[in-house]
Each structure stands twice: as structure tokens, then as C-alpha cells.
Amino acid sequence: MSKQKSYLILFLTFLLCLLPYEQIFAAGYIKSKEKSKLVDIRKLDKTIVIDLRYATKNNFTKKKIYPAAVPLLRKETAAKLVKVNNEAAKKGYRIKVWDAYRPFSAQRTLYNAASNKSYVAHPSKGSRHNRGAAVDLTLVDRKGKELLMPSAFDDFTKRAHRNNPGMNKTAKKNMDYLTSIMKKHGFRTISNEWWHYEDTNWEKYPLLDVPLTSFK
Ligand SMILES: C[C@@H](N)C(=O)N[C@H](C)C(=O)O
Ligand SMILES: [Zn+2]
């Protein structure tokens with residue numbers, strides 16, 4: 001390689017380093033609503049309870065992160081979730097969704113706000129929520145009352161861990177039931193957040209940065 005070429009590569013690498021890493025990674029994210037294949041869960045099943053925490057101040061950041069409360073998921077993932085809700089309905093339960101699709105820009109905000117980074121996916125690799133292929137949820141009874149679970153949503157402590165030896169027996173039974181119906185319909189778990197489920201096919205779906213407001 002000529003000296004000139006080497007200097008040019010060095011110079012371009014230097015320029016790249018000046019860009020914030022978010023801009024480099026976000027560049028490859030899909031930004032168009034049409035290309036995203038995201039669907040509004042409410043349009044598929046009106047009985048699913050929606051409480052999008054990041055669209056309110058009632059979340060670990062104490063700030064409203066989402067400008068619009070629109071519960072979106074990748075269409076294939078949403079179809080799986082409807083099956084789970086139908087299954088839960090046989091027992092008189094319904095799903096309550098705390099988070100679904102999360103734009104990349106919000107991932108960065110959540111990551112920066114989290115005191116313990118091990119509970120939020122690093123923006124450089126992206127969250128499965130950024131693909132519309134992950135959902136944070138719990139179960140409610142006929143009256144809309146939440147079933148007892150191991151911890152509150154986004155309790156970033158050992159209480160949220162699936163294998164916490166000190167877990168309350170009823171909470172474990174409820175968590176195990178939720179896990180069984182989620183797994184039956186094509187979701188998988190992560191070890192340290194009992195409320196987080198991801199589509200087993202998440203890798204097939206692209207990273208997205210479509211604004212929630214475009215679905216309002
Ligand atoms: C922030 C928390 N609710 C969450 O979703 N964590 C997972 C690991 C993520 O960011 O993908
Ligand atoms: Zn999650």
C-alpha cells in the first residue's frame with residue numbers, strides 16, 4: 001500500500017473516532033414505519049392490558065422517555081403474544097404489557113440513565129426491544145389486579161432474578177406459569193429480568209429506530 005493511501009485510511013479512521021458511537025450504530029437502523037413491519041398490539045387484541053411505563057414518569061428514570069404511548073411489536077411477535085393471551089384467558093388471566101418496541105434513541109437514554117448497566121442492553125449491540133421482538137409483561141386477573149410476581153417492573157436487584165433462592169412461593173408459581181405459556185408460543189427468557197421475554201426468532205428481525213409518534 002502506498003504511503004498516501006495509508007495516511008488517507010488513518011485520517012478517515014480518525015474522523016470516524018470523532019463521531020459519537022450512537023451515530024455510527026444508528027446509521028444502520030431502519031427508520032421507516034412502512035419497512036419496520038411493526039404492528040399495534042391493541043389492533044390485534046383489545047383485551048391485552050397496556051401500561052407502557054416509559055411513556056409515563058412511572059419508570060426507573062422518573063422521566064417520560066417515549067413521546068407516545070403506542071404498544072408496537074414486530075408482526076410475527078405480536079401474533080405469538082395474542083396466542084399467549086388467549087391461553088392465559090382460559091385461566092381467567094390477561095397479559096399486561098409494560099414495554100414492547102423501543103426505538104434505538106430511547107435505548108441510549110435508558111442505558112445512560114441506568115445506575116446498574118447490567119439490566120439494560122448496551123446501545124452498541126442494540127436491544128431485542130429495538131427489533132420489536134421483545135416484550136416486558138406480567139399477568140392480571142379478571143379484575144385487572146396484577147398477580148404476585150418476584151418483584152416490581154425494572155427492579156434492578158436480585159429480586160428480579162429467575163433463580164433467586166429467596167423467592168416467594170406464590171410469586172414463583174405465577175412466574176413459572178407465565179414462563180410456560182410464553183415458551184409454548186415461541187418466546188424465551190433472560191436470567192435476571194423475570195418480566196422480559198424475547199421472540200425465539202429475534203435474530204431474523206432488523207434493528208429499528210422508527211419514532212413512536214409516526215404510529216400515533
Ligand atoms: C430496561 C429493561 N426493562 C430492559 O428491557 N432490559 C433489557 C435487557 C434490554 O434493554 O433489552
Ligand atoms: Zn425487556
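Atoms within each ligand, like the ligands themselves, are counted from 1 in listed order. What you see below is based on every heavy atom in this structure, not just the backbone, and it leaves out hydrogens, waters and symmetry mates. One is the number of the first residue; the rest follow in order along the sequence.
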S.K.: Is it the case that R128 places NZ or CZ above or below the six-membered ring of W202, under 6.0 angstrom from the centre and within 45 degrees of the axis?
M.R.: yes
S.K.: Please identify each residue that fulfils ring-ring contact (aromatic ring centres under 6.0 Å, His included) with F156, with sequence neighbours left out.
M.R.: F60, Y119
S.K.: Check this for me - ligand 1, F60, N or O atoms closer than 3.5 angstrom, yes or no?
M.R.: no
S.K.: Counting each atom of ligand 1 from 1 as listed, which ones have a heavy atom of D136 under 4.0 Å away?
M.R.: 3 (N), 5 (O)
S.K.: Which residue and atom name correspond to the protein heavy atom nearest atom 11 (O) of ligand 1, and how close is it?
M.R.: S127 OG, 2.6 Å
S.K.: Which one of T189, T179, T77, D136 satisfies the side chain to side chain donor-acceptor pair (under 3.5 Å) criterion with Y197?
M.R.: T179
S.K.: According to side-chain contact (heavy atoms from CB on, under 4.5 Å), who are the partners of V39, at least two apart in sequence or on a separate chain?
M.R.: L44, K75, A78
S.K.: If you have a sec, work out which protein heavy atom is nearest atom 3 (N) of ligand 1 and how many Å separate them, to one decimal?
M.R.: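 For atom 3 (N) of ligand 1, the nearest protein heavy atom comes out as D154 OD1, 2.8 Å.
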S.K.: Provide, to 0.1 Å, the distance between atom 1 (C) of ligand 1 and the closest protein heavy atom, together with that atom's residue and name.
M.R.: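 Scanning the protein heavy atoms, the shortest distance from atom 1 (C) of ligand 1 goes to Y54 OH, 3.4 Å.
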S.K.: What is the closest protein heavy atom to atom 6 (N) of ligand 1, and at what distance does it sit?
M.R.: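 Going atom by atom, the protein heavy atom closest to atom 6 (N) of ligand 1 ends up being Y119 O, 2.9 Å.
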S.K.: I'd like to know whether T138 forms a side chain to side chain contact (heavy atoms under 4.5 Å, CB included) with W194, so could you lay out the CA-CA distance, the side-chain angles of the two residues, the decisive distance to 0.1 Å, and finally the verdict.
M.R.: CA-CA 9 Å; T138 191; W194 67 263; 3.7 Å; yes
S.K.: Would you kindly specify which portion of W98 sits under 4.0 Å from ligand 1, judged on non-hydrogen atoms: side chain, backbone, both or neither?
M.R.: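 None of W98 does.
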S.K.: Which residue owns the protein heavy atom closest to atom 4 (C) of ligand 1, what's the atom, and how far is it?
M.R.: E193 OE1, 3.4 Å
S.K.: Of the backbone atoms (N, CA, C, O) and the side-chain heavy atoms from C-beta on, which set of D99 has a member under 4.0 Å from an atom of ligand 1: side chain, backbone, both, or neither?
M.R.: neither
S.K.: Considering just N/O/S atoms, say which atom of H196 is closest to the Zn ion (ligand 2).
M.R.: ND1
S.K.: With respect to the Zn ion (ligand 2), what is the nearest N, O or S atom of D136?
M.R.: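 In D136, the N, O or S atom with the shortest distance to the Zn ion (ligand 2) is OD1.
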S.K.: Verify whether one side chain among Q107 and H129 offers a donor that lies under 3.5 Å from an acceptor in the other.
M.R.: no
S.K.: Tell me whether K117 forms a cation-pi arrangement with Y111, defined as NZ or CZ under 6.0 Å from the six-membered ring centre and within 45 degrees of its axis.
M.R.: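 Yes - K117 lies over the ring of Y111, closer than 6.0 Å to its centre and within 45° of its axis.
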S.K.: What protein heavy atom lies closest to atom 5 (O) of ligand 1? Include the residue and the distance to one decimal.
M.R.: R102 NH2, 2.7 Å
S.K.: Out of the candidates K80, K204, R74, only one should pair with D199 under the side chain to side chain contact (heavy atoms under 4.5 Å, CB included) rule; please name it.
M.R.: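 When side chain to side chain contact (heavy atoms under 4.5 Å, CB included) is applied between D199 and each of K80, K204, R74, only K80 qualifies.
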S.K.: Identify, by atom number and element, the atoms of ligand 1 in contact range of A121, meaning under 4.0 Å from any of its heavy atoms.
M.R.: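 Here the atoms of ligand 1 in question are 8 (C), 9 (C), 10 (O), 11 (O).
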S.K.: For the residue pair N192 / H161, report whether a side-chain donor-acceptor contact shorter than 3.5 Å exists.
M.R.: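 No, because no side-chain N or O of H161 sits under 3.5 Å from a partner of the opposite role on N192.
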